Undergrad: 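One structure follows; several queries about it will come next.
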Amino acid sequence: MERKLFKSLEKWKNKKKRKPLIIQGARQVGKTWIMKEFGSRYYKNTVYINFDNNEVMKKVFETDFDISRIVSAIEIENGGKFDAQDTLIIFDEIQEAPKALASLKYFYENAPQYAIVAAGSLLGVALHEGTSFPVGKVDFLHLYPMDFDEFIVALGEKELANTLKKGDYELVNAYSARYIELLKKYYYVGGMPEAVQTYIDTEDVFEVREIQHNLLKYYEEDFSKHAPKEVVPRIMMVWNSIPAQLAKENRKFMYGSIREGARAKDFELAIQWLEDAGLILKSYRVSKPKIPLIAYMEMNCFKMFMLDVGLLTAKANISAKILLDGSRIFEEFKGALTEQYVAEQLKTSGRELYYYSTENSSGEIDFVIQQDLECIPIEVKAAENLRAKSLRAFCDKYNPQSAIRTSMSNYRKEEWLTNVPLYMLTDYLETEF
């Protein structure tokens, strides 16, 4: 598989003042694979240490932060000495060894010649609970599930992916039927690497669904194993409410939809745990579409999405038969899958998630993104009905330089907005902005 993060990893490798790197991301998004593959592609030698099953190395870091002693232990793990310039050292499941995490500061300060990449399945949770952290001494990258471009490349459609990147709109329109069929598959399979690989190997959507249900089960087991016992039931309630929250006409997260009479204070810790584990994406309401958007963000008013559209279809028990039913998958439970898809693609491309609505929730704009000194409204349309009443009202009021409606229709530029096909939204944003 080809992941876009390789480009960022290569940039990190070539930085003059390189710091140890931490790759963040939810369990099973491919962190271990990409670290090992990066080592294989870009270094002569890779030393892999997994703190989840290596008690000896855990103890090495417990003693002190003498880098020469720690390096000697790593060389023993490697089976011999190695050249720092040609070796990638991988610390996996680093949240299991807090002293190893703290040691990254001393590697940066005293031995910057060593290339170290670290990751952990629940690192975000560990950090939030107060694990010592080398502030300012590490670099970060985030790995999400595979986006649509990565998905179609994995399915052997590299030229179709390249066409999206080039921004050849006429050619994209000519192949729209192909893109739509691939997008339908993506809504169902999603971007979790194991689910994608299963589909590639078997083309069996029922096996894919089994993998997805197993992944959901693993996440729920993590709740019980790693979250505070008193918070676990509330984490489950929030987690199980997501499909119903997204199925509402107004997708704003409502505590009362979890339990009658529920309040924010009852579920704040549960939501924070899910966010720290990388299992949810939150899109915050902005009261004014002005720069910087974060200054107008309302922390208590948000929409909640899952980390992967395929996992959402699995959790909602959407039948594989929907793949055969025209464009119905795009419109399923009031277009929730389509808004989930857009949220995911925007987040994967490094954009923060915001939406705009007035106090009475009328005239909502599904997403507003910040681009330099400009706010760009994005209206998401799952169906072929392309009336853009809310977007028009928004543009009349705020007069943005650009406005986007993303839908199943072909690319076309109109007087006051641009219609961008769902399958090329992130490529369009990268090309045009």
Side-chain angles (χ1 to χ4, degrees), residues 1-11 30 34 37 41 143-193 195-197 199-201 203 308-310 323 326-327 329-331 337-351 366-367 369 371 376 378-384 386 402-414 417-433:
M1 291 183 181
E2 196 60 40
R3 301 299 305 267
K4 292 178 179 179
L5 200 72
F6 280 122
K7 291 181 180 178
S8 299
L9 287 168
E10 187 177 6
K11 286 181 183 177
I34 203 166
E37 185 68 14
R41 292 187 189 187
L143 185 64
Y144 292 98
M146 299 171 72
D147 68 11
F148 181 65
D149 284 347
E150 292 172 323
F151 176 77
I152 65 175
V153 169
L155 265 58
E157 299 287 2
K158 190 172 183 178
E159 285 308 310
L160 286 178
N162 287 339
T163 300
L164 292 176
K165 288 184 178 69
K166 290 173 186 173
D168 187 336
Y169 303 123
E170 288 187 12
L171 198 54
V172 169
N173 286 347
Y175 283 95
S176 62
R178 289 272 296 279
Y179 286 118
I180 289 170
E181 283 305 307
L182 287 165
L183 188 59
K184 286 167 69 175
K185 290 178 182 177
Y186 182 75
Y187 273 38
Y188 186 90
V189 176
M192 299 301 288
V196 175
Q197 191 61 58
Y199 182 75
I200 292 168
D201 293 341
E203 293 191 2
D308 176 66
V309 66
L323 291 169
S327 62
I329 192 168
F330 303 117
E331 302 165 28
L337 291 181
T338 296
E339 199 164 326
Q340 160 77 42
Y341 162 79
V342 173
E344 202 179 320
Q345 302 305 295
L346 291 175
K347 191 68 175 179
T348 302
S349 64
R351 297 179 184 275
D366 300 305
F367 295 97
I369 62 171
Q371 183 66 41
I376 303 171
I378 301 176
E379 186 169 71
V380 177
K381 290 291 186 183
E384 285 295 326
L386 297 183
S402 305
I404 296 170
R405 177 179 59 203
T406 186
S407 70
M408 295 309 301
S409 288
N410 285 352
Y411 172 88
R412 66 180 177 279
K413 193 168 183 62
E414 300 179 18
L417 67 76
T418 303
N419 191 84
V420 181
L422 285 161
Y423 44 79
M424 75 171 302
L425 177 61
T426 53
D427 292 293
Y428 172 80
L429 291 172
E430 288 176 12
T431 302
E432 298 296 329
F433 298 98

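Position 1 is the first residue of the sequence; numbering continues from there. Just so it is clear, the model here is predicted, and its values are computed rather than measured.
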Undergrad: So how far is it from Asp427 CG to Ser349 OG, rounded to the nearest 0.5 Å?
TA: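 Result: 9.5 Å between the selected atoms.
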Undergrad: Output the distance between atom CG (Leu5) and atom CE (Met146), rounded to the nearest 0.5 Å.
TA: 12.5 Å
Undergrad: As a quick check of understanding, evaluate side-chain contact (heavy atoms from CB on, under 4.5 Å) for Leu346 and Phe367, giving each step before the final call.
TA: CA-CA 9 Å; Leu346 291 175; Phe367 295 97; 3.9 Å; yes
Undergrad: Assign the ring pair Tyr411 / Tyr169 to parallel, tilted or perpendicular, where the plane angle (0 to 90°) is split at 30° and 60°.
TA: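 Because their plane-to-plane angle is under 30°, the rings of Tyr411 and Tyr169 count as parallel.
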Undergrad: Which heavy-atom pair separates Ser409 from Pro421 by the least distance, and what is that distance?
TA: O-CG, 3.5 Å
Undergrad: If we only count heavy atoms from C-beta on, is the Ile404 to Leu429 side-chain gap below 4.5 Å?
TA: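 A side-chain contact under 4.5 Å exists here.
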Undergrad: Find the distance between CZ (Arg3) and CG (Leu143) and round it off to the nearest 0.5 Å.
TA: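 Output value for this atom pair is 4.5 Å.
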Undergrad: Relative to each other, are the rings of Tyr187 and Tyr341 parallel, tilted or perpendicular (30° and 60° limits)?
TA: tilted
Undergrad: Mind running side-chain contact (heavy atoms from CB on, under 4.5 Å) on Arg41 and Leu9 for me, showing each step along the way?
TA: CA-CA 11 Å; Arg41 292 187 189 187; Leu9 287 168; over 6 Å; no
Undergrad: Just by distance, do the side chain of Glu2 and the backbone of Val153 share a donor-acceptor pair under 3.5 Å?
TA: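 Looks like no, no N/O pair under 3.5 Å.
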Undergrad: So, does Asp147 use its side chain to make a donor-acceptor pair with the main chain of Gln345 at under 3.5 Å?
TA: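 Side chain of Asp147 to backbone of Gln345: no pair is present.
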Undergrad: Please step through salt bridge (charged side-chain N to carboxylate O under 4.0 Å, His left out) for the pair Glu414 and Arg405, ending with a clear verdict.
TA: CA-CA 10 Å; Glu414 300 179 18; Arg405 177 179 59 203; 3.2 Å; yes
Undergrad: Of all the heavy-atom pairs spanning Gly310 and Asp308, show the shortest one and how long it is.
TA: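 Scanning both residues, the minimum pair turns out to be N-OD2, 3.1 Å.
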Undergrad: So, taking the atom named CG in Leu183 and the one named CE in Met408, what distance separates them when rounded to the nearest 0.5 Å?
TA: 5.5 Å
Undergrad: Please indicate whether Lys165 has more than 12 foreign heavy atoms, meaning atoms of other residues, nucleotides or ligands, lying under 6.0 Å from its NZ.
TA: yes
Undergrad: Drop me the distance from Leu171's CG to Leu160's CG, to the nearest 0.5 angstrom.
TA: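 Taking CG in Leu171 and CG in Leu160, the distance rounds to 8.5 Å.
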Undergrad: Are Asp366 and Val342 close enough, and set up right, to give a side-chain contact (heavy atoms from CB on, under 4.5 Å), and what steps lead you there?
TA: CA-CA 9 Å; Asp366 300 305; Val342 173; over 6 Å; no
Undergrad: Please determine whether side-chain contact (heavy atoms from CB on, under 4.5 Å) holds for the pair Leu155 and Ile200, giving the CA-CA distance in whole Å, both sets of side-chain angles, and the decisive distance to 0.1 Å.
TA: CA-CA 6 Å; Leu155 265 58; Ile200 292 168; 4.0 Å; yes
Undergrad: For Met192 versus Pro145, what's the shortest heavy-atom pair and its separation?
TA: SD-CG, 3.7 Å
Undergrad: With a 4.0 Å cut-off on N to O distance, would you call Lys184 and Glu181 a salt bridge?
TA: yes
Undergrad: For Ala382 versus Thr338, what's the shortest heavy-atom pair and its separation?
TA: CB-OG1, 3.6 Å
Undergrad: Say you draw a straight line from OG1 of Thr163 to OH of Tyr179; how long is it, rounded to the nearest 0.5 Å?
TA: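 One gets 4.5 Å once the value is rounded to the nearest 0.5 Å.
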Undergrad: So, Thr406 side chain and Val380 main chain: donor-acceptor pair closer than 3.5 Å or not?
TA: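 Not confirmed, Thr406 side chain does not pair with Val380 backbone.
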Undergrad: Could you check whether atom CD of Glu203 has more than 12 heavy atoms from other residues, nucleotides or ligands sitting under 6.0 Å from it?
TA: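 Not buried by this count: 12 neighbours or fewer within 6.0 Å.
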Undergrad: Would a 4.5 Å heavy-atom cut-off, applied to side chains only, mark Tyr423 and Ser176 as touching?
TA: yes
Undergrad: Under a 3.5 Å threshold, yes or no: a donor from one side chain and an acceptor from the other, between Ser407 and Asn419?
TA: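 Result is yes, a qualifying pair exists.
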